[in-house]
Amino acid sequence: NKVSDESYQMGKVIEIENGKVLAILIKNKDKETNILLCCLDLIHKTNSFVFESKIPPIKDYSLHILDKNEKKQLIILLCCEFKILMLQFELNRSNRKEYEFKLKVKKEYTKFNATSICPLRAFRKDDELPVKNRVLSEYFLASNETNIKMFKYNEEGDIICIYDVKFEDQMIQKFVERNHIKRIEQLDDGIISVILNKIKIYCYLFLNEPN
């Protein structure tokens, strides 16, 4: 099925359930961004929902599905102009084939000028689930050119800064600050990848389990 006649700069597809996937398409214009959400039934038909917005052009984004009390929620984290924006949609099945999208929460975090967002996988022991099946948690990393911070969000849409993430080696820390962070990623084996202007470095992020 054809989703749209327009061209989009960014996009991602995630699975909702067997036979159904959710596609997100993002198009930056001069002063704002259009977000197209498409629920694709791979067997029957396509159900689309366009989120018309006044969001400034997006630098980076992340999204995933949460199953809460038998309801599905779509969380979208966006790096916009001088802020982190969180959009929380509720996905309800209108009939046996289609989903409806309802925007529940739209909140901004303006205390950190983020340019990159990296969602973190849920904390699990290696013998519990294969890596590919690990789900994303409410924790995420965000970076600007010189700093990385850990955040979390809750169901009310509050974005909470947990702490600064620093390299144990002070020489590496200073090197990163001088060369400017472009992007941060979490690889399949759990390593955090920090991409600088001219070089990519890899580092381990060690997190203490909650008490």
Side-chain angles (χ1 to χ4, degrees), residues 7-14 23-33 35 55-65 75-87 108-126 129-153 159-210:
S7 59
Y8 290 82
Q9 295 104 340
M10 293 179 279
K12 191 171 183 179
V13 176
I14 54 178
I24 177 172
L25 301 173
I26 296 175
K27 182 177 183 178
N28 282 331
K29 298 183 178 180
D30 291 338
K31 296 183 179 180
E32 64 182 53
T33 293
I35 299 176
I55 300 173
I58 294 169
K59 299 176 183 177
D60 193 16
Y61 77 100
S62 172
L63 74 154
H64 66 279
I65 296 289
I75 306 295
I76 305 179
L77 296 167
L78 304 167
C79 280
C80 294
E81 193 175 47
F82 304 110
K83 60 189 174 185
I84 299 172
L85 180 63
M86 175 180 163
L87 303 177
E108 298 178 355
Y109 186 90
T110 58
K111 297 178 181 179
F112 185 65
N113 184 18
T115 57
S116 178
I117 281 182
C118 173
L120 295 175
R121 294 178 180 87
F123 308 123
R124 297 181 186 275
K125 296 180 180 179
D126 290 338
L129 283 175
V131 171
K132 65 180 181 179
N133 291 327
R134 291 182 183 174
V135 296
L136 299 177
S137 70
E138 69 271 23
Y139 294 91
F140 66 95
L141 299 179
S143 71
N144 57 22
E145 288 189 342
T146 58
N147 295 297
I148 302 172
K149 292 180 181 290
M150 175 176 282
F151 295 86
K152 69 174 293 187
Y153 57 82
I159 298 175
I160 304 162
C161 182
I162 305 299
Y163 51 69
D164 291 337
V165 177
K166 299 290 185 181
F167 291 91
E168 188 175 27
D169 189 317
Q170 292 299 313
M171 295 292 291
I172 295 179
Q173 180 68 39
K174 292 179 181 179
F175 178 80
V176 169
E177 292 174 357
R178 288 197 306 269
N179 288 274
H180 294 169
I181 301 166
K182 291 186 66 177
R183 188 174 180 83
I184 47 177
E185 300 173 345
Q186 187 177 28
L187 308 182
D188 287 341
D189 55 6
I191 296 177
I192 300 300
S193 171
V194 182
I195 302 172
L196 307 180
N197 275 338
K198 297 181 180 180
I199 191 171
K200 179 184 286 189
I201 63 174
Y202 297 91
C203 58
Y204 286 100
L205 179 64
F206 295 97
L207 301 175
N208 294 325
E209 293 185 3

*Asks:* When you compare the side chain of F175 with that of D169, does any pair of heavy atoms fall below 4.5 Å?
*Replies:*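 Contact flag for D169/F175 side chains = no.
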*Asks:* With respect to I55, which candidate in N28, L78, I26 satisfies the side-chain contact (heavy atoms from CB on, under 4.5 Å) definition?
*Replies:*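 Filter result, single survivor: L78.
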*Asks:* Using 0.5 Å steps for rounding, measure from the CD1 atom of I58 to the CD atom of E32.
*Replies:*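 It comes to 11.0 Å.
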*Asks:* If you measure from CD1 on I24 to CD1 on I76, what distance do you get to the nearest 0.5 Å?
*Replies:*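 Nearest 0.5 Å value for the CD1-CD1 distance: 3.5 Å.
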*Asks:* With a 4.5 Å limit on heavy-atom distance, are the side chains of M150 and Y139 in contact?
*Replies:*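 Side chain of M150 against side chain of Y139, heavy atoms only: contact under 4.5 Å found.
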*Asks:* Output the distance between atom CD1 (I84) and atom CG (L77), rounded to the nearest 0.5 Å.
*Replies:*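 With rounding to 0.5 Å, CD1 (I84) is 7.5 Å from CG (L77).
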*Asks:* Taking atom OG1 of T146 and atom CZ of R178, what is their separation to the nearest 0.5 Å?
*Replies:*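 It is 12.5 Å, given to the nearest 0.5 Å.
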*Asks:* Do L63 and L87 come close enough that some side-chain heavy atom pair is under 4.5 Å?
*Replies:*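 No, side chains not in contact.
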*Asks:* Could you list the residues that satisfy side chain to side chain contact (heavy atoms under 4.5 Å, CB included) with K149, not counting sequence neighbours?
*Replies:*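 By the side chain to side chain contact (heavy atoms under 4.5 Å, CB included) rule, K149 matches F112, F151, C161, D164.
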*Asks:* Only counting residues at least two apart or in another chain, list the ones meeting side chain to side chain contact (heavy atoms under 4.5 Å, CB included) with T115.
*Replies:*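 In terms of side chain to side chain contact (heavy atoms under 4.5 Å, CB included), with neighbours along the sequence ignored, T115 is linked to K59, S143.
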*Asks:* Distance from I159 atom CD1 to Y109 atom OH, nearest 0.5 Å?
*Replies:*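 The CD1 atom of I159 sits 8.5 Å away from the OH atom of Y109.
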*Asks:* Just how far is it from atom OG of S116 to atom CD1 of I181, taken to the nearest 0.5 Å?
*Replies:*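 With rounding to 0.5 Å, OG (S116) is 8.5 Å from CD1 (I181).
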*Asks:* For P56, does its backbone N or O pair with a side-chain atom of T33 as donor and acceptor, under 3.5 Å?
*Replies:*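 Yes.
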*Asks:* Does any part of the side chain of I184, heavy atoms only, come nearer than 4.5 Å to the side chain of I148, both counted from C-beta?
*Replies:*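 I148 vs I184: side chains touch.
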*Asks:* Going by side chain to side chain contact (heavy atoms under 4.5 Å, CB included), name the residues that satisfy it together with T110, two or more places apart in sequence or in a different chain.
*Replies:*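 In terms of side chain to side chain contact (heavy atoms under 4.5 Å, CB included), with neighbours along the sequence ignored, T110 is linked to K83, E108.
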*Asks:* Within a radius of less than 6.0 Å around NZ of K174, do more than 12 heavy atoms belonging to other residues, nucleotides or ligands occur?
*Replies:*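 Incorrect, the count does not exceed 12.
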*Asks:* With sequence neighbours excluded, what pairs up with N197 under the side chain to side chain contact (heavy atoms under 4.5 Å, CB included) test?
*Replies:*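 Side chain to side chain contact (heavy atoms under 4.5 Å, CB included) check on N197 returns H180, K182.
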*Asks:* By side-chain hydrogen bond (donor to acceptor under 3.5 Å, both in side chains), which residues pair with Q9, not counting sequence neighbours?
*Replies:*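 Expected list: none.
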*Asks:* So, using side-chain hydrogen bond (donor to acceptor under 3.5 Å, both in side chains) as the criterion, who are the partners of E177 when residues are at least two apart?
*Replies:*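 E177 satisfies side-chain hydrogen bond (donor to acceptor under 3.5 Å, both in side chains) with Q173 once adjacent residues are dropped.
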*Asks:* For residues Q186 and P119, report the shortest heavy-atom separation together with the two atoms involved.
*Replies:*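 Heavy atoms of Q186 and P119 come nearest at OE1-O, 3.5 Å.
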